[in-house]
Amino acid sequence: MDSASQDINLNSPNKGVLSDFMTDVPVGPGVAPRAPAVEGLTEVEEEELRAELAKVEEEIVTLRQVLAAKERHCGELKRRLGLSTLGELKQNLSRSWHDVQVSTAYVKTSEKLGEWNEKVTQSDLYKKTQETLSQAGQKTSAALSTMGSAISRKLGDMSSSYSIRHSISMPAMRNSATFKSFEDRVGTIKSKVVGSRENGSDNLPSSPGSGDQPLSDHAPF
């Protein structure tokens, strides 16, 4: 058995004798054990620090209550003035962006970027690349202009060629044997139709009483 069991053994010669680690424990009923003092502080200094801590905590609670009351009053004033949350957010963002622009880090970064940009634009590689791109753009513009002129010229040639062929083909077609034969046939058919109409009108019987008698001036319509 261990030493603790031996100390509480009724048959042990050390019965009734408390061990060393139990001598500092208070025996009064209902008394909580007190934590040992912080190393390096006296009891008086510890008491002063605890009192000051309690006072600071009480001030913090009071300040929180005051802050909550101020926030409620601020919200009421904004409501009466018609200030919306969105407008306040925009104002805060604008103020924050202004603070960023005037900050030292932003200014240094802008200056650094300006120096890098100047170095890049002044480098030989940048100048050669810019010249190459400029020449390529000029060549492309010239090629497109030439292509447009060629297309316009081709369309003009096609239009004039069509007009010439049209003006030449009409007289040639009229003087051709086929056109003349077709024209003769049309004329023959026309003369036959006209002759048949004239013959038919001559053979029509005259109505009785129509003779040579003139129509009465007062004939009813």
Side-chain angles (χ1 to χ4, degrees), residues 64 67-204 221:
R64 286 176 178 173
L67 179 60
K70 292 291 184 182
E71 288 180 348
R72 288 194 298 269
H73 184 58
C74 180
E76 180 65 21
L77 293 176
K78 288 180 179 179
R79 185 186 65 79
R80 296 178 64 182
L81 290 173
L83 299 177
S84 62
T85 306
L86 181 59
E88 185 178 358
L89 178 61
K90 290 181 179 179
Q91 185 177 1
N92 293 335
L93 290 176
S94 178
R95 188 183 300 109
S96 300
W97 176 241
H98 179 266
D99 294 340
V100 169
Q101 288 180 331
V102 298
S103 63
T104 305
Y106 182 85
V107 173
K108 288 183 179 180
T109 304
S110 300
E111 293 177 354
K112 198 68 176 179
L113 291 175
E115 293 176 0
W116 289 347
N117 185 31
E118 185 177 359
K119 289 181 181 179
V120 170
T121 54
Q122 296 299 328
S123 63
D124 295 336
L125 178 61
Y126 180 83
K127 291 180 180 179
K128 290 181 180 179
T129 304
Q130 191 176 13
E131 291 177 357
T132 303
L133 293 175
S134 179
Q135 293 176 1
Q138 292 177 359
K139 291 181 180 179
T140 303
S141 299
L144 292 175
S145 178
T146 303
M147 184 183 299
S149 300
I151 293 174
S152 300
R153 190 182 305 110
K154 186 67 175 179
L155 292 175
D157 294 342
M158 291 174 62
S159 178
S160 60
S161 176
Y162 175 77
S163 300
I164 293 172
R165 287 199 302 269
H166 182 70
S167 59
I168 293 175
S169 61
M170 288 302 293
M173 185 176 65
R174 289 179 179 178
N175 294 327
S176 63
T178 303
F179 186 82
K180 288 183 177 181
S181 176
F182 178 75
E183 190 176 11
D184 292 341
R185 291 181 181 178
V186 171
T188 303
I189 294 172
K190 182 179 179 181
S191 61
K192 289 181 179 181
V193 171
V194 173
S196 62
R197 285 182 178 179
E198 291 177 353
N199 295 331
S201 61
D202 293 339
N203 296 327
L204 289 176
F221 292 100

Only pairs under 3.5 Å count here: list side-chain donor-acceptor contacts from residues 128-140, not counting sequence neighbours, and write none if there are none.
residue, atom, partner, partner atom, Å
Thr129, OG1, Leu125, O, 2.8
Thr132, OG1, Lys128, O, 2.8
Thr140, OG1, Ala136, O, 2.8

**OP:** Name all residues meeting the side chain to side chain donor-acceptor pair (under 3.5 Å) criterion together with Arg79; count only those two or more places apart in sequence or in a different chain, and write none if there are none.
**Re:** Glu76

Listing, residues 142-154 side-chain donor-acceptor contacts under 3.5 Å, not counting sequence neighbours, or none:
residue, atom, partner, partner atom, Å
Thr146, OG1, Ala142, O, 2.9
Ser149, OG, Ser145, O, 3.1
Ser152, OG, Gly148, O, 3.0

**OP:** Please list, chain by chain and in numerical order, all residues satisfying salt bridge (charged side-chain N to carboxylate O under 4.0 Å, His left out) with Arg95, sequence neighbours excluded.
**Re:** none

Subject >> Residues in side chain to side chain donor-acceptor pair (under 3.5 Å) contact with Lys90, at least two apart in sequence or another chain >> reply: none

Original post:
What side chain to side chain donor-acceptor pair (under 3.5 Å) pairs are there with at least one residue in residues 113-122, not counting sequence neighbours?
Top reply: none

**OP:** Test Cys74 against every option in Arg72, Lys78, Lys70 by the side chain to side chain contact (heavy atoms under 4.5 Å, CB included) rule and name the one that passes.
**Re:** Lys78

**OP:** Sequence neighbours left out, what pairs pass ring-ring contact (aromatic ring centres under 6.0 Å, His included) with at least one residue falling in residues 77-104?
**Re:** Trp97-Tyr106

Original post:
Nearest 0.5 Å, what's the CD-CG distance between Gln91 and Leu83?
Top reply: 8.0 Å

Original post:
How long is the span from the OG atom in Ser96 to the CG atom in Leu89, to the nearest 0.5 Å?
Top reply: 9.0 Å

Subject >> Those residues that, when tested against Lys127, pass salt bridge (charged side-chain N to carboxylate O under 4.0 Å, His left out) (two or more places apart) >> reply: none

